[in-house]
Amino acid sequence: MPELPEVETVRRTLIEGGLVGRRIVRAQVLHPDAVRHPAPQEFAQTLKGRRIAGIGRRGKYLLLALDAGVLVAHLRMTGRLWLSLPEAEELVHTHVVFDLDDGRQLRFRDVRRFGGFHLLQDASDPAAPQGLRELGPEPDALRARDIRDACARHARLAIKGLLLDQRVVAGLGNIYVDEALHRARVHPARACGSLTQREHGRIADALREVLGEALANRGTTFLDFRDGTGEPGAFQEFLRVYQREGLPCRSCGTPIAKTRVAGRGTHYCPKCQKGDGFPSSTARTRTTTRSRPAKTSSGSRRAR
DNA sequence: ACATATTCCTGGGGGC
DNA sequence: TGCCCCCAGGAATATG
């Protein structure tokens, strides 16, 4: 799943591939779901002739600055955006193709169709996705004090849930939250209000460290991620907990456990990340054992 | 206002 | 071998 290091890797590889300065001679919308704003026809018409002036990023949003307007892309779970030769086979689930003035194409492919584009006048365009407008600081700029303040506002929330909230900090997803909390030696289900200042600091440090290392390895390719040239990342080789259930903790050898926190599959070391190593904390982890969401209603199963 | 559950979507994997 | 169900999860939306 593209999170901050993956989106940043796409940004850098698109720049290295020479996308900046290219003009879009045609935009083909092959599946309307991928274009969120404006309507596909206007989207394609407006983009025709636009020059790509620069490529930026905020959180998990990729921002293609045009000579007029900005094209915002979000890859969500399985989106891929890459430079391609026009004769390359068109893979299934290719939803948007931008023909460039150098004969190449910028292609967007997304198996699950969660990702897509917003074409905006500028950053303050009211059509901008709400998630982009409410985005919190980049992890680089996040200090222990920011975590402390956010924890004070959400004292009962699990720390994992807080870090996944893009309004608190931008760009984190399931992989890097699990990885950072392991490095910080904080149990993912710990209530925010129970964390110490020392732990706020460890979390801020761990986020910077793990994101930096992931970026240096061009992101994590578990299944789907590819960069702007179609290449996978390498950070999956260095993951300490994510998708390592039952494998030995790289710090202490204890088998990595998997549970569910904040509605997400959550990996952690039961020894390094104690849920109870805490004076008078009432926020004992209630969900540390491998829990099922209780199969509550039945609505989800009847959905299909 | 806040927190959690559901929804979208498809491919892959487990169970039988 | 094959079918069915479930699962993965970012973020919008719905519900508690």
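The analysis underlying the following values was restricted to heavy atoms, covering all of them including side chains, and did not include hydrogens, waters or symmetry mates. We name chains A, B, ... by the order of the sequence lines, and we start the count at 1 in each one.
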query: What nucleotide among C:dG10, C:dA8, C:dA12 has an atom nearest to a side-chain atom of A:Y242?
result: C:dA8

By the 4.0 Å heavy-atom rule, please label [X] as base, sugar-phosphate, or nothing.
{"X": "A:L223", "answer": "nothing"}
{"X": "A:F222", "answer": "nothing"}
{"X": "A:M77", "answer": "base"}
{"X": "A:G161", "answer": "nothing"}

Looking at [X], I'd like to know whether one of its side-chain N or O atoms comes within less than 4.0 Å of OP1 or OP2 on [N].
{"X": "A:R76", "N": "C:dA12", "value": "no"}
{"X": "A:Q166", "N": "C:dA11", "value": "yes"}
{"X": "A:H154", "N": "B:dA3", "value": "yes"}
{"X": "A:K258", "N": "C:dA8", "value": "yes"}
{"X": "A:H74", "N": "C:dA11", "value": "yes"}

statement: Exactly one of A:R190, A:R185, A:K274 clears salt bridge (charged side-chain N to carboxylate O under 4.0 Å, His left out) with A:E199, and that residue is A:R190

- request: Mind checking salt bridge (Lys or Arg N to Asp or Glu O under 4.0 Å) for A:R143 and listing every partner two or more places apart, or none if nothing turns up?
  value: none

What donor-acceptor contacts under 3.5 angstrom involve side-chain atoms of residues 39-46 of chain A, with partners at least two apart or in another chain?
from: A:T46; atom 1: OG1; to: A:E42; atom 2: O; distance (Å): 2.7

statement: Ranking A:G263 and A:R113 by the position along DNA chain B of their nearest nucleotide, the one closer to 5' is A:G263

query: Between A:V111 and A:R153, which is nearer to the 5' end of DNA chain B once each is assigned its nearest nucleotide?
result: A:R153

- request: Compute the centroid of each ring, for A:Y268 and then for A:Y242, and state whether the two points are separated by less than 6.0 Å.
  value: no

- prompt: A:H93 vs A:H95 aromatic rings, parallel, tilted or perpendicular, using cut-offs 30° and 60°?
  reply: perpendicular

query: Can you hop from A:V20 to A:V7 via hydrophobic side chains spaced under 4.5 Å?
result: yes

Using atom [atom1] of [X] as one end and atom [atom2] of [N] as the other, report the distance to the nearest whole Å.
{"X": "A:D165", "N": "C:dG10", "atom1": "CG", "atom2": "P", "answer": "13 Å"}
{"X": "A:L163", "N": "C:dA11", "atom1": "CG", "atom2": "P", "answer": "14 Å"}
{"X": "A:F108", "N": "B:dC9", "atom1": "CZ", "atom2": "C1'", "answer": "12 Å"}
{"X": "A:D33", "N": "C:dG10", "atom1": "CG", "atom2": "C1'", "answer": "16 Å"}
{"X": "A:H37", "N": "C:dA12", "atom1": "NE2", "atom2": "C1'", "answer": "17 Å"}
{"X": "A:L164", "N": "B:dA3", "atom1": "CG", "atom2": "P", "answer": "14 Å"}
{"X": "A:H95", "N": "B:dT10", "atom1": "NE2", "atom2": "P", "answer": "8 Å"}
{"X": "A:Q130", "N": "C:dA12", "atom1": "CD", "atom2": "C1'", "answer": "8 Å"}

Any N/O donor-acceptor pair, A:R112 side-chain to C:dA8 base, under 3.5 Å: yes

- prompt: Want to settle it: does A:G131 or A:G265 sit nearer the 5' end of DNA chain C, counting the closest nucleotide to each?
  reply: A:G265

